[in-house]
Participant: 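My questions all concern the structure below.
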Amino acid sequence: MNTKTLESERRKVVVVGAGAVGATYCYALAQSGLADEIIIIDKNEDLADGQVSDLVHGQPFFPTVGIRRGSKADYTNANLIVITAGAAQKPGETRLDLMKKNVAIVGSIAEDIATQDSHGVMLIVTNPVDVLTYVAIKRSGWERNRVIGSGTVLDSARFRHFVSHHCNVDVHNVHAYILGEHGDSELAAWSMTHIGGISIDNYCPMCGGCEGWQAERKNIEQKVRESAYHIINAKGSTHFAVGLALVKISSSVLRKQNSLLTVSAMVDGEYGLRDVCLSVPCVISDIGIARIIDSKLADEEMKLLHNSAAVLRQAIEEAGII
Ligand code: NAI
């Protein structure tokens, strides 16, 4: 029996950061049956051990998967390394101070990964995710397709939810994307929005279910943008939906699904942009980004995308990365 082949066929996912987001992702990933091994790393080893114990006690109730605490050596043969490690904002600390801390944390993890000669895909989740995806690419020296940020996959899900709710149509029939920064400068790509294959421009007049649908569009965008603030105010952190968004990205990497997802990608000429990471539609496979879809946007959307890129370039400069 060729055990080497069997070993290489095992799907190994390393999760760095065992806080609310990392643990929720592990919980959802374990239930999905996508991974053969889930390895958890956190600088707080007691926390990592606690999360591992809590998860393994659920093993009788989900598909077979090995779960344990790991170390840097585990990066070597991982198919996917998901980084959710980050510092929590301290009272009085500015957004810039926090960003600098997370640049240091994610930069050093990316360097550790690079020294382990891994051939997998790196998925950055820690905020500000677009800036940190940029940092991870620069510090690891990896090809741009192998380092992706979770970007606006979560925001796009929120957008689909609000469009579905407003139009009273199953969310699975709504295709809609948020592009740009995972943050305040993000934009809703209405020109790419379809309900049951019908563009929103054609669908709205046919439905006639609301007055002034252009105004509704603004409300929906606002709700998407404010979602994280509302949830954090109410419960301290967001972790369920992002955990599921991460499983969706993982599924496309581990199963080579070629799903079209708005991950944060380093652009190199696409959409007329270069040397910045932001969310654009990408086809995701086992090599990370198999293709960036350089689709035509409405003029106003293109302007907003370029504005979002400028906001992110400024953040990269403020953080002292370039
Ligand atoms: P958390 O504070 O609960 O967990 C962070 C964990 O990282 C802690 O357990 C901490 O010990 C660990 N950590 C810190 N430095 C480390 C290092 N050098 N090596 C290993 N572990 C380290 O935070 P939470 O709620 O899990 O959020 C994690 C990150 O995910 C935050 O930056 C948050 O803003 C971000 N996030 C991103 C979303 C997205 O869509 N991209 C959505 C929601 C949260």
Side-chain angles (χ1 to χ4, degrees), residues 14-28 39-52 54 69-72 74-75 81-90 93 95 97-113 122-136 139 147-159 178-184 186 224-250 261-265 277-279 312 315 319:
V14 178
V15 183
V16 192
V21 173
T24 309
Y25 165 61
C26 289
Y27 180 67
I39 314 296
I40 301 178
I41 298 175
D42 197 289
K43 72 167 190 188
N44 179 346
E45 294 188 349
D46 287 342
L47 176 67
D49 282 337
Q51 301 290 24
V52 167
D54 203 4
R69 177 157 69 79
S71 67
K72 289 173 192 172
D74 282 299
Y75 296 141
I81 302 162
V82 183
I83 303 179
T84 73
Q89 193 156 12
K90 295 220 169 88
E93 191 174 42
R95 192 189 58 85
D97 289 339
L98 180 66
M99 175 163 71
K100 284 182 173 167
K101 268 193 196 165
N102 284 342
V103 164
I105 291 172
V106 171
S108 126
I109 294 169
E111 278 176 4
D112 286 343
I113 293 169
M122 216 189 293
L123 172 58
I124 313 299
V125 188
T126 312
N127 276 320
V129 65
D130 302 289
V131 173
L132 297 179
T133 304
Y134 185 92
V135 168
R139 297 278 286 274
V147 185
I148 58 186
S150 57
T152 56
V153 176
L154 171 61
D155 314 61
S156 297
R158 288 175 175 150
F159 186 30
I178 298 288
L179 306 181
E181 180 197 13
H182 170 62
D184 293 345
E186 68 188 20
V224 174
R225 218 170 269 126
E226 289 174 355
S227 287
Y229 299 114
H230 284 308
I231 298 168
I232 289 169
N233 281 342
K235 57 177 263 189
S237 74
T238 69
H239 47 263
F240 290 133
V242 67
L244 293 167
L246 297 177
V247 171
K248 176 69 189 170
I249 302 169
S250 309
L261 296 165
T262 53
V263 294
S264 187
C277 292
L278 79 178
S279 287
L312 287 166

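Numbering of ligands and ligand atoms starts at 1, following listing order. The chain is numbered in sequence order, starting from 1.
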Participant: Can you check whether Val16's main-chain N or O pairs, donor with acceptor, with Thr84's side chain at less than 3.5 Å?
Facilitator: yes
Participant: Going through the checks in order, is the side-chain hydrogen bond (donor to acceptor under 3.5 Å, both in side chains) test met by Ser264 and Tyr134?
Facilitator: CA-CA 9 Å; Ser264 187; Tyr134 185 92; over 6 Å; no
Participant: Quick one: table the atom pairs, ligand 1 N or O against protein N or O, below 3.5 Å, distance rounded to 0.1 Å.
Facilitator:
from, atom 1, to, atom 2, distance (Å)
ligand 1, 3 (O), Ala20, N, 3.1
ligand 1, 7 (O), Gly86, N, 3.2
ligand 1, 9 (O), Asp42, OD2, 2.7
ligand 1, 11 (O), Asp42, OD1, 2.6
ligand 1, 21 (N), Lys43, N, 3.2
ligand 1, 26 (O), Ala20, N, 3.1
ligand 1, 26 (O), Val21, N, 2.8
ligand 1, 32 (O), Asn127, N, 3.1
ligand 1, 34 (O), Asn127, ND2, 3.0
ligand 1, 36 (N), Asn127, ND2, 3.4
ligand 1, 40 (O), His182, NE2, 3.3
ligand 1, 41 (N), Val125, O, 3.0
ligand 1, 41 (N), Ser150, OG, 3.0

Participant: Pick from Leu123, Val129, Val153: which one makes a side chain to side chain contact (heavy atoms under 4.5 Å, CB included) with Ile148?
Facilitator: Leu123
Participant: Going by heavy atoms in the side chains, are Ile39 and Val15 under 4.5 Å from each other?
Facilitator: no
Participant: Using the rule side-chain hydrogen bond (donor to acceptor under 3.5 Å, both in side chains), only one of Thr262, Asp155, Asp130 pairs with His182; which is it?
Facilitator: Asp155
Participant: Taking the side chain as every heavy atom from C-beta outward, state whether Arg225 and Phe159 have any atom pair closer than 4.5 Å.
Facilitator: no
